[in-house]
Structures are given as structure tokens and as C-alpha cells.
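Have a look at the structure below, then the notes.
So that the names make sense, note that chain A is the first sequence line, chain B the second, and so on, each numbered from 1.
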Amino acid sequence: MGSTLHLVGFALLKITLILLVFVMGVATVLTWLERKYSAFMQDRIGPNRANIGKLRLGGLLHMIADPIKMIFKEDFTPSEASPWLYRLAPFLAVVPPMVIFAVIPFGPGDAFVISNAGIGMLFILALSSLGVYGAVIGAWASNNKYSLLGGLRTSAQMISYEVTIGLNLVGVFMIYESISLQGIIVEQGDVLFGFLPAWGIVLQPVAFILFLFASVAESKRAPFDAPEGDSEIVAGYHLEYSSMKFALFALGEFIEVVGIACIGACVFLGGWQIPWVQHTGGILLTAAEVGIFIAKVFFLIWLQMAIRWTAPRFRYDQVMRLGWKYMLPISLANILLTGVVLYLVKGA
Amino acid sequence: MGAHYVPYVPIAILLLLACGMMAAILVINSLIGPKPRSVLHNAPFECGVEPIGSARSRYSVNFYLVGIFFIVFDIEAVFLYPWAVLYRSFLADPSFAFAAVAEMFVFVGILVVGLVYVWKRGALDWT
């Protein structure tokens with residue numbers, strides 16, 4: 001009994017710190033930062049009006065003003081919609097990306113990961129497959145022609161790029177002989193040829209690039225935002241959503257951004273490993289390792305924002321051609337090449 | 001507590017917590033938000049005109065095809081995972097190393113044959 005309470009209490013503490021403080025905090029700040037950064041890239045001022053008296057903080061208060069506004073909006077159900085599916089869809093859009101963080105290690109050992117289940121990446125891939133249901137059920141339940149078009153595009157695009165993500169990670173599993181994120185990170189502590197850290201980005205550069213682009217396509221952000229295409233199908237699958245239901249779709253997207261950054265940092269950037277520093281334990285070193293992991297996550301979040309505001313939207317047939325005719329054959333070739341190279345260097 | 005379900009307890013707690021939080025947000029929203037005013041107000045958006053027919057009509061067969069390809073390729077990717085994790089221990093066994101590489105070419109080769117087939121049949125063209 002005591003150990004059960006201990007288990008549950010410890011789990012709740014870690015969930016609070018990782019999910020509620022870090023992930024929700026970063027996702028909330030991103031709602032402001034994304035707009036501010038797009039304004040910076042497009043030479044605009046961006047959001048700056050929310051204020052408390054004279055206090056504006058460069059528009060930082062928008063991230064508090066927006067949820068308050070959303071929660072006071074009308075809770076709206078279109079007359080033609082299937083009411084229960086319509087309410088279910090925002091859940092399916094936001095809950096799977098949140099649960100992904102259960103297996104992401106923020107630091108060495110079992111203390112910095114919510115669940116030390118060894119299934120790691122398999123769990124993440126299973127949940128990201130569930131992510132497609134949120135958009136598709138939302139689109140179908142709305143019973144709106146634009147929504148349905150957006151939902152069709154979403155389903156085809158997300159499942160196409162999921163194949164690429166799945167096949168890309170095979171090369172990583174072959175090299176690090178593990179499917180759990182903690183195992184992959186521990187293996188990345190080695191040093192190659194005396195100076196190169198054995199990170200995924202060094203050993204599998206092609207997989208890293210394909211993973212990054214396929215993940216951006218999974219999260220339906222520009223340049224892969226044909227499912228939302230504001231100018232042609234007026235926001236696609238979440239067209240009929242307003243108030244907090246719409247906010248949950250948006251929140252799910254920002255949590256996905258953080259999730260992709262965390263997975264990318266774990267698999268390809270060495271996770272909490274500091275290059276050329278042996279992991280010996282000790283409080284200071286552990287704190288530095290957690291800090292460096294968070295720095296890597298922020299780097300990948302920045303990269304996703306920069307991609308989003310740099311590239312124009314792909315046309316729908318271009319999205320599908322890129323996924324099936326370029327990225328899929330390249331990831332298959334990557335598996336074969338990795339296998340042959342591992343065979344040739346197995347003595348080394 | 002060496003039970004095999006122990007790592008999944010925190011995941012279950014996290015799942016319940018996430019669902020509960022999101023449900024609470026939606027319930028609060030529906031309680032304090034304004035109520036719908038008229039029938040027309042709730043009509044589906046269709047560029048300002050009254051909706052013509054239901055949205056749930058027939059759509060292009062290409063979307064079904066993509067769904068089928070996804071199932072084929074994603075299941076094959078999942079079959080590759082256990083093999084990928086064990087690949088280096090296969091290579092460490094000298095009598096089995098070459099067979100492991102050859103099997104990789106056979107398995108991925110079958111995938112490639114399938115991909116070439118759907119490509120040549122034009123199932124990946126969207127024009």
C-alpha cells in the first residue's frame with residue numbers, strides 16, 4: 001500500500017512538472033512567440049495591444065488574454081453536425097500529443113521520465129497515429145463541405161508522412177539497438193574517431209532531415225498546411241469550431257511542436273548528453289544535462305518556426321508526390337545503406 | 001513492486017489527467033459562454049448562402065487508395081522494428097552475419113516491388 005501511494009505520488013509530481021509546467025507553459029508562450037516571430041520575419045510589429053494599464057510587455061500579455069477571451073465565447077454546435085462526434089474531436093486532437101510526454105526522458109536515469117516503459121518510440125508512433133482521428137472526426141462531424149475537404153486532405157497527408165517517419169527511425173534503431181528513448185540517448189554518449197559525438201544527426205543525417213520535414217507535415221504546419229489552406233478551404237477541418245473547442249485544436253498543434261522538438265532532441269541530438277563530457281552523476285552535472293536537453297528542444301522549436309514562416313504552402317499534389325515518390329524511397333535506401341555500412345564496419 | 005504493469009500506471013494517470021483537464025475547460029466554456037440565438041446562426045458555413053445538400057457525399061477514390069497503401073507500408077515498417085533492434089547482434093554472430101544482410105535486402109526488396117507497382121499503375125498521381 002505504501003509503495004503504491006509512493007508510486008502514484010511520484011508520478012503526479014513528475015506529471016505536474018513536465019506536462020503542466022514545462023509543456024503547457026512552453027505551448028502557451030509559443031502562441032505569443034509564434035506570432036511575434038512571424039512579425040519579426042515579415043518586418044511587422046506583431047501582437048502588442050494586450051495591456052494591464054500602461055503595462056504591455058511587448059505583447060506578452062496576449063498569451064493570457066487569448067484563453068480568457070476564448071473561454072467566454074459561445075459554445076457553438078452547427079445544426080447539421082453529429083453532436084457527440086463534434087465534441088469528441090477536440091479531445092482526440094489534444095490528448096494524444098500530451099500523453100506522448102509520458103515516455104520522453106528529460107534527464108539521466110528514471111527520475112526525469114514519467115514512465116520508464118521500455119516501449120518508448122513504439123508508444124509515440126502509436127499515439128501519433130491516433131492524432132489523425134481528431135482532425136478527421138472533427139471534419140466529418142461538422143457536416144460542412146470545406147471541413148470535409150480539409151479532413152480528407154488531412155487524413156491522406158498525415159498517414160502518408162507517418163510511413164516516412166516510421167521507416168526513418170528504423171535506421172536509428174539499427175545503430176543504437178534500442179527502441180526506448182532512454183536507451184537511444186545512453187548509446188549516443190559515445191565519441192567517434194576521437195572527436196565526433198555519436199549523435200543521431202551525425203550517424204543518420206538523412207534520417208534527421210526526413211524526420212524533421214515529415215514531422216512538420218504530421219503537425220499540419222506550413223509549408224504542409226494544405227489541409228487548413230485558409231485561402232481555398234477556409235481553415236479546413238476546424239472551420240466549424242469556435243471558442244474553447246477551437247482553442248484545443250490550436251493547443252494540440254503547439255503541444256505537437258514541443259513534442260516533435262523533444263523527440264528530435266532525444267533521437268537525433270543526443271538528448272541530455274553533453275558532447276565530450278562523460279556522464280558521471282552528481283547534482284551539478286545532472287542539472288546541466290537537463291538544461292542542455294531543454295536548450296536542444298528550444299533549438300528545434302525555433303527551427304520549426306523558421307521553416308513555417310520561410311516556405312510558402314505546397315500544393316496538395318506536390319505534398320503527396322514529395323511524401324510517396326521522394327521521401328519514402330529515400331528512407332528505404334537509407335535503411336539498406338545503414339545495413340550495409342553496419343555489416344562492413346562490424347569488426348570496428 | 002516488480003510487477004510488469006508498474007511503468008504503465010503513470011501513463012494511465014497522465015491520460016486521465018489530460019482528459020479531465022480538457023473536459024473541465026470545455027464544460028466551463030459551455031457554462032459561461034453566451035447561448036446560441038437563432039437557427040440560422042447555427043447553420044454550417046457555406047460562403048453566406050444556405051447549405052446545398054449534405055456534405056457527406058462521395059469523394060475521390062484516391063483517398064481510399066492512400067489509406068490502403070498506408071496500412072501496407074506502415075505494417076511492414078512495424079515488422080522491421082524488432083529486426084532493427086536485433087540487427088547488430090545478428091552481425092556479431094559470424095555464421096549468421098551475411099544471412100542477416102541478405103534477408104534485409106529480400107524484405108526491403110518486397111516493399112520496393114510493391115512501391116514500384118503502385119507507382120507504375122499511376123495510383124500516386126494526383127493530376
Side-chain angles (χ1 to χ4, degrees), chain A residues 3 7-8 11-12 15 19 71-80 91 94-95 98-99 102 114-117 122 142-145 147-148 152 155-156 159-160 162-163 166-167 170 173-174 177-179 239-240 243-245 248 316-317 320 324-325 328-329 332 335-336 339-340 342-343 346, chain B residues 1 6-11 13-15 17-19 22-23 25-26 28-30 32-36 39 42-46 51 54-56 59-60 62-63 66-67 69-70 73-74 77-78 80-81 84-89 91-92 97 100-101 104-105 108 111-112 115 119 124 126-127:
Chain A
S3 60
L7 178 75
V8 171
L12 278 175
I15 289 169
L19 190 76
I71 207 159
F72 281 105
K73 287 284 176 187
E74 180 185 331
D75 186 33
F76 167 92
T77 310
S79 49
E80 307 282 311
F91 276 96
V94 76
V95 171
M98 285 169 89
V99 180
I114 293 175
S115 156
N116 58 353
L122 211 55
S142 302
N143 203 350
N144 176 305
K145 297 180 184 70
S147 289
L148 188 75
L152 286 173
S155 59
I159 62 182
S160 300
E162 218 162 273
V163 172
L167 286 173
V170 170
F173 299 152
M174 283 160 80
E177 295 179 89
S178 178
I179 205 161
L239 165 61
E240 291 288 359
S243 70
M244 220 55 207
K245 291 201 186 82
L248 290 195
Y316 185 69
D317 61 318
M320 298 307 280
W324 287 100
K325 295 191 176 176
L328 181 60
L332 287 173
I335 294 175
L336 292 179
V340 171
L342 282 177
Y343 177 66
K346 68 177 188 289
Chain B
M1 293 277 295
V6 165
Y8 301 98
V9 172
I11 295 180
I13 296 174
L14 175 53
L15 188 64
L17 208 69
C19 288
M22 297 304 137
I25 290 176
L26 287 187
I28 292 173
N29 182 207
S30 71
I32 65 180
K35 297 290 170 280
V39 179
N42 281 357
F45 170 77
E46 200 159 304
S54 171
R56 290 163 187 174
Y59 41 87
S60 170
N62 272 0
F63 291 107
V66 170
F69 300 156
F70 163 72
F73 284 99
D74 212 44
V78 171
L80 278 171
Y81 287 173
V85 173
L86 290 173
Y87 183 63
R88 286 181 84 168
S89 47
L91 291 182
V101 178
M104 173 184 77
F105 275 98
V108 178
L111 262 178
V112 171
L115 182 64
W119 192 327
L124 302 179
W126 286 80
T127 42

Practice prompt. Check whether B:Ala100 gets within reach of chain A through its side chain, its backbone, both or neither, counting any heavy atom under 4.5 Å.
Written response: neither
Worksheet item: Is chain A contacted by the side chain of B:Tyr87, its backbone, both, or neither, given a heavy-atom distance below 4.5 Å?
Response: side chain
Proximity breakdown for [X] and chain B, heavy-atom pairs closer than 4.5 Å:
{"X": "A:Lys325", "answer": "both"}
{"X": "A:Phe72", "answer": "both"}
{"X": "A:Leu148", "answer": "side chain"}
{"X": "A:Leu248", "answer": "side chain"}
{"X": "A:Ser178", "answer": "backbone"}
{"X": "A:Val170", "answer": "both"}

What is the distance from atom [atom1] of [X] to atom [atom2] of [Y], rounded to the nearest 0.5 Å?
{"X": "B:Cys19", "Y": "A:Met98", "atom1": "SG", "atom2": "CE", "answer": "9.0 Å"}
{"X": "A:Leu167", "Y": "A:Ile335", "atom1": "CG", "atom2": "CD1", "answer": "5.0 Å"}
{"X": "A:Lys73", "Y": "A:Lys245", "atom1": "NZ", "atom2": "NZ", "answer": "14.5 Å"}
{"X": "B:Ile32", "Y": "A:Glu74", "atom1": "CD1", "atom2": "CD", "answer": "13.5 Å"}

Discussion item. Which one wins on heavy-atom pair count under 4.5 Å against chain B: A:Asn143, A:Leu328, A:Ile179?
Written reply: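 Looking at each option in turn, the highest pair count goes to A:Asn143.
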Worksheet item: Out of A:Ala102, A:Gly339, A:Ala156, which one racks up the most heavy-atom pairs below 4.5 Å with chain B?
Response: A:Gly339
Discussion item. Heavy-atom pairs under 4.5 Å with chain A: which of B:Leu15, B:Leu86, B:Leu115, B:Leu17 has the most?
Written reply: B:Leu115
Worksheet item: Any idea which of B:Leu26, B:Ile25, B:Asn62 has the most non-hydrogen atom pairs under 4.5 angstrom with chain A?
Response: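 The option with the most such pairs is B:Leu26.
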Fill in: Smallest separation among heavy atoms of A:Val340 and B:Met104, with atom names
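Shortest heavy-atom separation between A:Val340 and B:Met104 comes out as N-CE, 4.1 Å.
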Worksheet item: Of all heavy-atom pairs between A:Pro329 and B:Trp119, which one has the smallest distance, and what is that distance?
Response: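 That would be CG-CZ3, 4.1 Å.
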Worksheet entry | Counterpart residues, side chain to side chain contact (heavy atoms under 4.5 Å, CB included), relative to B:Ala97 (two or more places apart) |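 Counting only residues at least two positions away or on another chain, B:Ala97 forms a side chain to side chain contact (heavy atoms under 4.5 Å, CB included) with A:Tyr343, A:Lys346, B:Leu91.
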Discussion item. Using the side chain to side chain contact (heavy atoms under 4.5 Å, CB included) criterion, which residues pair with A:Leu152? Sequence neighbours excluded.
Written reply: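 Listed in chain order: B:Tyr59, B:Phe63.
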